Amino acid sequence: MDLPWTNSLCVLACLFGSVLGNSNKCDEVRKVFQLRQIGPSQLLPLSPRPGSDLQVCSTRNLTCCTKKMEERYQMAARRDIQNLLQMSSSSLKFLISRNVAAFQEIFEQLMKQAENNSISVLQESYRNMADHTMEPIRELFTDMGLYLLGSELSVEDMVQRFFDSLFPLVYDHLISPGLGDLSPAYAECLRGARRDIRAFGQAPNILTDQIWRSGMSGKLLLQALHLGIEVINTTDHLQLSRECRRALLKMHYCPHCQGLTESKPCMGYCLNVMRGCLASLAEIDTHWREFVRSLEGLSARMQGPQDLEQVLLGVHTLLHDAVGHVQRNGQRISTQVHKLCGSPSRRPSQSVSIQRGAAKDPLPLKAALRPAGDSLAQRRKDFLSGLRIYRTYYGGLADQLCVNDLSRSDGTSCWNGTSVVQSYTLRVVGSGIKAQSSNPEVKVKEADPVINQIIDKLKHINQLLQGKSIPKLGTLDQIETGSGDSEGRYSGDCDDEDGCGGSGGGEVKSKVSRVSKTSPDVSSDHNHHHGHHHHSPSAKDLDRKSTSRSPALKWAIWMLLLPCLHILVAL
């Protein structure tokens with residue numbers, strides 16, 4: 001056979017084999033494309049083609065990708081990362097959510113048990129009036145429960161209202177008993193006179209202080225845990241920038257275009273991409289660590305006057321002593337009441353007379369609703385022990401994803417963004433926004449505003465957990481997160497084809513919350529709830545109040561803002 005003809009046959013065979021090999025590679029790409037439900041198979045070319053129209057996965061060689069495939073791959077890469085984020089945080093989120101429910105259940109059980117104890121102790125000691133005291137006692141504990149679960153009720157008001165309602169009953173049955181109920185007008189006079197004559201001694205002030213201190217700690221605990229869930233929801237649905245989405249596409253699916261469906265990114269390459277994409281999340285690390293420490297500090301302080309369990313289960317003793325104080329000082333109280341309200345005015349009622357003469361069996365004290373050993377202190381201890389494991393969660397999240405899920409270990413063939421190599425040779429940057437200035441794979445312009453807002457909320461709750469207040473930040477509701485809202489307002493670059501409005505949706509907002517996220521100012525709330533309490537405000541509180549109310553200061557602020565208004569009008 002002629003030599004040139006033989007060479008020609010060899011060349012044709014090589015070309016045929018090359019095309020056949022590439023065709024087989026595209027068949028594998030088609031299988032993976034369909035298996036992962038990335039898009040319809042019609043988007044794939046029948047055979048390898050030039051990739052000049054590709055924006056990210058461009059190559060000089062023939063490719064199994066089209067521009068439409070590239071778009072679908074980018075959506076799939078973003079979906080994959082968000083799924084990984086949610087999977088990595090699922091155990092942490094479950095830990096917090098489960099304990100939010102457990103703490104709320106314990107609070108409710110404690111409240112019911114304390115209510116039962118209070119009714120029972122009055123039934124045993126003051127049988128004739130016990131039935132009449134049930135309603136004010138239940139109203140008190142209902143108010144306490146609402147306060148603990150986030151209501152902005154005043155502790156001072158709820159306690160004073162309870163003792164105002166209790167005094168006419170105690171006076172009627174223990175100080176000046178008679179036939180028939182007191183007239184409404186006389187009972188109202190007794191309610192108004194109760195504070196002036198200090199009928200119950202220091203009991204109202206003591207109960208107010210105990211409920212406020214222990215209740216505030218309980219509210220802060222629940223509030224902090226709900227914020228923890230909000231932080232996780234926000235970071236789970238992080239909106240990725242355009243640069244990040246392109247880098248994820250290049251790392252995950254560009255090798256598919258070359259038929260390399262089983263390749264994985266090199267470790268260093270993965271770290272650069274993920275540390276760039278999650279740079280804003282790394283900024284949460286410091287504040288999340290402080291969040292865990294602050295919760296531990298709050299738990300350590302929840303003893304004595306701040307121990308909610310101890311306070312609630314001691315209310316019946318304080319109530320019994322308060323009624324005993326009225327009884328022991330009956331003569332003095334009766335004289336003062338006579339001066340202020342005159343002689344008792346009654347409405348004759350045979351049914352009431354019969355009831356008062358009849359002895360009643362005491363109400364049985366209901367069994368404790370909580371399992372043995374399931375104390376509030378033990379629950380806090382167990383929860384914090386579990387939470388402590390996650391204190392470095394945000395600082396090491398990018399690395400964790402690469403090590404556990406995404407990359408291939410060193411020493412084996414891996415994808416470096418352009419081809420399969422033995423090792424990644426570019427510089428690997430650190431975590432956080434500042435470190436990304438030299439990232440060779442992802443350009444990070446600035447921190448995500450949504451993440452900055454959630455960091456502000458963490459700063460705020462940390463200050464409150466530590467017993468401080470920062471009025472300039474206002475409440476947690478006033479620090480808007482904006483993440484996952486119905487209008488899809490996200491940070492970062494976004495265009496119509498990215499479908500930014502649908503990512504995350506309303507799922508970002510915590511739906512387990514039964515507690516208002518409004519964060520009370522610790523010092524101001526204390527003074528507000530105490531009213532006539534003997535504690536006086538600190539010099540710092542007085543200084544802040546006088547400053548906020550100073551007309552001269554307001555006038556100075558307006559004078560400073562006036563030139564700015566003129567400039568805005570001129571523009």
Side-chain angles (χ1 to χ4, degrees), residues 51 53-59 65 67 70-82 84-85 234-255 257 264-286 394-402 405-407 414-419 421 423-455 482-483 488-500 503-504:
D53 60 334
L54 301 181
Q55 296 183 349
V56 180
C57 301
S58 57
T59 176
C65 284
K67 185 177 180 181
E70 192 179 48
E71 293 172 359
R72 292 302 185 104
Y73 275 141
Q74 184 170 140
M75 294 171 60
R78 179 170 56 182
R79 179 193 63 197
D80 293 346
I81 290 302
Q82 289 187 331
L84 282 177
L85 287 174
T234 302
T235 55
D236 276 355
H237 297 85
L238 176 70
Q239 179 60 28
L240 305 174
S241 69
R242 183 191 303 274
E243 287 288 340
C244 171
R245 296 196 301 270
R246 292 169 66 91
L248 290 173
L249 164 61
K250 186 177 180 181
M251 182 174 76
H252 281 292
Y253 289 108
C254 282
C257 296
K264 283 193 172 186
C266 304
M267 178 62 72
Y269 176 47
C270 180
L271 290 175
N272 275 343
V273 172
M274 296 309 297
R275 286 177 180 178
C277 286
L278 305 185
S280 291
L281 298 196
E283 298 296 313
I284 299 176
D285 179 55
T286 300
Y394 284 105
L397 182 56
D399 296 26
Q400 175 190 334
L401 293 179
C402 284
D405 302 290
L406 299 175
S407 69
C414 56
W415 175 255
N416 70 351
T418 56
S419 59
V421 296
S423 63
Y424 183 71
T425 57
L426 298 181
R427 176 188 175 186
V428 178
V429 301
S431 299
I433 296 294
K434 292 182 179 179
Q436 304 313 307
S437 60
S438 56
N439 193 326
E441 306 297 343
V442 186
K443 293 181 180 178
V444 180
K445 298 177 182 178
E446 58 185 359
D448 188 322
V450 172
I451 300 302
N452 284 342
Q453 289 161 354
I454 208 70
I455 287 174
S483 177
R489 292 188 294 268
Y490 290 92
S491 60
D493 299 318
C494 186
D495 46 37
D496 293 339
E497 70 181 17
D498 296 324
C500 296
S503 179

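As the structure is a computational prediction, the values presented were derived from the model and not from experiment. Side-chain atoms are counted along with the backbone in the values below, which use heavy atoms only and exclude waters and symmetry mates.
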Using side chain to side chain donor-acceptor pair (under 3.5 Å) as the criterion, list what pairs up with N452, not counting sequence neighbours. none
Give the intermediate values and the outcome of side-chain contact (heavy atoms from CB on, under 4.5 Å) for residues Y253 and D80. CA-CA 11 Å; Y253 289 108; D80 293 346; 2.6 Å; yes
How long is the span from the CE atom in M274 to the CG atom in L84, to the nearest 0.5 Å? 7.5 Å
Is any side-chain heavy atom of S438 less than 4.5 Å from a side-chain heavy atom of R427? yes
I'd like to check L406 versus I81 (side-chain heavy atoms, cut-off strictly below 4.5 Å). Are they in contact? yes
Heavy atoms of V429 and N272 approach each other most closely as N-OD1, 2.9 Å
For L248 and L240, run side-chain contact (heavy atoms from CB on, under 4.5 Å): C-alpha distance rounded to whole Å, both residues' side-chain angles, the deciding distance at 0.1 Å, then the answer. CA-CA 10 Å; L248 290 173; L240 305 174; 3.7 Å; yes
Is the shortest heavy-atom distance from the side chain of C65 to the side chain of L54 under 4.5 Å? yes
Heavy-atom closest contact (H237 atom, Q82 atom, distance): C-NE2, 4.4 Å
In this structure, SG of C254 is separated from CZ of R246 (nearest 0.5 Å) by 9.5 Å
How about C270 and C402 - are their SG atoms less than 2.5 Å from one another? yes
Compare all side-chain heavy atoms of E70 with those of Q74 and state whether any distance is below 4.5 angstrom. no
Which atom pair, heavy atoms only, marks the closest approach of S280 to D448? OG-N, 2.9 Å
Any side-chain to backbone donor/acceptor pair from Q436 onto G430? Under 3.5 Å, distance only. yes
In Å and rounded to the nearest 0.5 Å, what is the CD to CG distance from E441 to L271? 11.0 Å
Applying ring pair (Phe, Tyr, Trp, His ring centres under 6.0 Å), name anything that partners Y394, two or more places apart in sequence or on another chain. W288
Write down the atom of I433, the atom of E283, and the distance for their closest heavy-atom approach. N-OE2, 2.8 Å
To check you understand the geometry: which heavy-atom pair defines the closest contact between M251 and W415, and what is its length? O-CD1, 3.7 Å
Considering all heavy atoms, the nearest G268-V428 contact: CA-CG2, 3.7 Å
Show, in sequence, the C-alpha distance, side-chain angles and deciding distance for L401 and L85, and conclude whether the side-chain contact (heavy atoms from CB on, under 4.5 Å) test is met. CA-CA 8 Å; L401 293 179; L85 287 174; 4.1 Å; yes
Can you sort out the partners of D399 under salt bridge (charged side-chain N to carboxylate O under 4.0 Å, His left out), two or more places apart, ordered by chain and number? R275
How long is the span from the CD1 atom in I451 to the CD1 atom in I284, to the nearest 0.5 Å? 4.5 Å
Kindly compute the distance separating OG (S58) from NZ (K250), expressed to the nearest 0.5 Å. 8.5 Å
Taking less than 2.5 Å as the test, are the sulfur gamma atoms of C414 and C266 close enough? yes
Residue list, side-chain contact (heavy atoms from CB on, under 4.5 Å) with S437, at least two apart or on another chain: none
Just to verify, what does T418 make a side chain to side chain donor-acceptor pair (under 3.5 Å) with, not counting sequence neighbours? N416
Interatomic spacing from SG in C57 to OH in Y73 - rounded to 0.5 Å: 8.5 Å
T234 and Q453, any side-chain heavy atoms less than 4.5 Å apart: no
Residues forming a side-chain contact (heavy atoms from CB on, under 4.5 Å) with K443, sequence neighbours excluded: E243
